[in-house]
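Atom set for the values below is all heavy atoms of this structure, side chains included, hydrogens, waters and symmetry mates excluded.
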Amino acid sequence: MPDPHMRWRHCLVASLLPLLLLPACGGPQDGAGVPTGEPSATAGPTRTSDPAAYAADLIELTNETREEEGLPGLKRSDCAETAALERAHALVGQGELVHAPMTPVIDQCAPATTAAENLVNSTAQPIDVVKAWLGSPGHRANIIDPDLTEIGIGCVPDGVKLLCSQVFLGP
């Protein structure tokens, strides 16, 4: 039986073009429909040529969502970002995005006792990625979980797409 203080959740976003989320998120299958989103016509050019800027946009949009929900923004964590970059690099070239257990992230980022992950592999605008995550119950749960207080995102090129891991930590 896992330690009740060390919980982990994860979410999966498959290759996105235009933007497709799979309902394989947050513990048991939630059976929710598969949300889709088209790239925003007003969003401007994607920043896929600059992985760090893309990641920064994802963090900013994630925190805007939390603030709209009355939650404090997530603090950037170097440890979560390192874990996210490691996860993203490990998934480059894979046909399917598959999550690894989050226990090593929790151990690496102690004193964190909670970790969660959202993944994306896309050419979509950051705003469209976050909108799609918010349209999926498990992804949304990670973004607005009040027990999660820190964030790190690592994005790496994967062909013409950016593969990003969004890692959340909590006390």
Side-chain angles (χ1 to χ4, degrees), residues 8-27 29-30 32-66 68-69 73-74 76-77 79-102 105 115-145 148 150-169:
W8 57 273
R9 293 176 297 142
H10 60 271
C11 295
L12 173 64
V13 177
S15 296
L16 300 180
L17 191 62
L19 192 59
L20 171 67
L21 297 178
L22 297 180
C25 189
Q29 286 284 354
D30 57 35
V34 179
T36 61
E38 293 295 327
S40 172
T42 60
T46 58
R47 293 169 59 157
T48 56
S49 63
D50 187 348
Y54 194 91
D57 288 349
L58 289 174
I59 290 173
E60 181 180 333
L61 292 162
T62 297
N63 277 332
E64 285 177 13
T65 298
R66 286 178 62 90
E68 289 168 5
E69 295 287 329
L74 299 161
R76 288 182 114 149
S77 163
C79 188
E81 184 175 327
T82 297
L85 279 168
E86 288 171 3
R87 291 288 303 129
H89 280 290
L91 293 168
V92 168
Q94 303 296 313
E96 181 180 350
L97 299 182
V98 178
H99 291 276
M102 296 302 290
V105 174
E117 177 184 54
N118 291 344
L119 296 172
V120 66
N121 195 1
S122 179
T123 60
Q125 296 286 340
I127 192 164
D128 294 316
V129 171
V130 173
K131 283 180 182 178
W133 278 337
L134 293 171
S136 167
H139 298 96
R140 179 178 177 80
N142 285 345
I143 290 170
I144 64 169
D145 186 336
L148 298 173
E150 297 179 50
I151 190 170
I153 298 180
C155 296
V156 297
D158 188 13
V160 298
K161 299 177 183 178
L162 277 183
L163 195 153
C164 302
S165 170
Q166 181 182 50
V167 172
F168 303 92
L169 300 173

Any heavy-atom pair between the side chains of [Y] and [X] that's under 4.5 Å?
| X | Y | value |
| --- | --- | --- |
| Val156 | Pro51 | no |
| Thr65 | Leu61 | no |
| Trp133 | Asn142 | no |

Out of curiosity, [X] [atom1] to [Y] [atom2], how far, rounded to the nearest 0.5 Å?
| X | Y | atom1 | atom2 | value |
| --- | --- | --- | --- | --- |
| Glu117 | Gln166 | CD | CD | 9.5 Å |
| Leu58 | Gln125 | CG | CD | 10.5 Å |
| Leu74 | Arg76 | CG | CZ | 11.0 Å |
| Asn121 | Leu97 | CG | CG | 5.5 Å |
| Leu119 | Glu96 | CG | CD | 11.0 Å |
| Glu60 | Ile127 | CD | CD1 | 10.0 Å |

Hey, is the main chain of Val92 close enough, under 3.5 Å, to the side chain of Asp158 for a donor-acceptor pair?
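Absent.
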What are the two closest non-hydrogen atoms of [X] and [Y], and how far apart are they?
| X | Y | result |
| --- | --- | --- |
| Ser165 | Arg87 | OG-CB, 3.7 Å |
| Val105 | Ala115 | CG1-CB, 4.4 Å |
| Tyr54 | Ala124 | OH-O, 2.7 Å |
| Gly152 | Ala84 | O-CB, 3.6 Å |
| Glu150 | Ser77 | OE1-CB, 3.1 Å |
| Ala88 | Gly154 | CB-O, 3.7 Å |

Among residues at least two apart in sequence or on other chains, which ones pass side-chain contact (heavy atoms from CB on, under 4.5 Å) with Glu81?
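side-chain contact (heavy atoms from CB on, under 4.5 Å) check on Glu81 returns Leu85.
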State which residues pass side-chain contact (heavy atoms from CB on, under 4.5 Å) with Glu69; sequence neighbours excluded, sorted by chain then number.
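Applying side-chain contact (heavy atoms from CB on, under 4.5 Å) to Glu69 gives Leu71, Arg140, Ile144.
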Report the C-alpha distance between Asn118 and Ile143 in whole Å, list the side-chain angles of each, state the deciding distance to 0.1 Å, and finish with yes or no for side chain to side chain contact (heavy atoms under 4.5 Å, CB included).
CA-CA 9 Å; Asn118 291 344; Ile143 290 170; 3.9 Å; yes
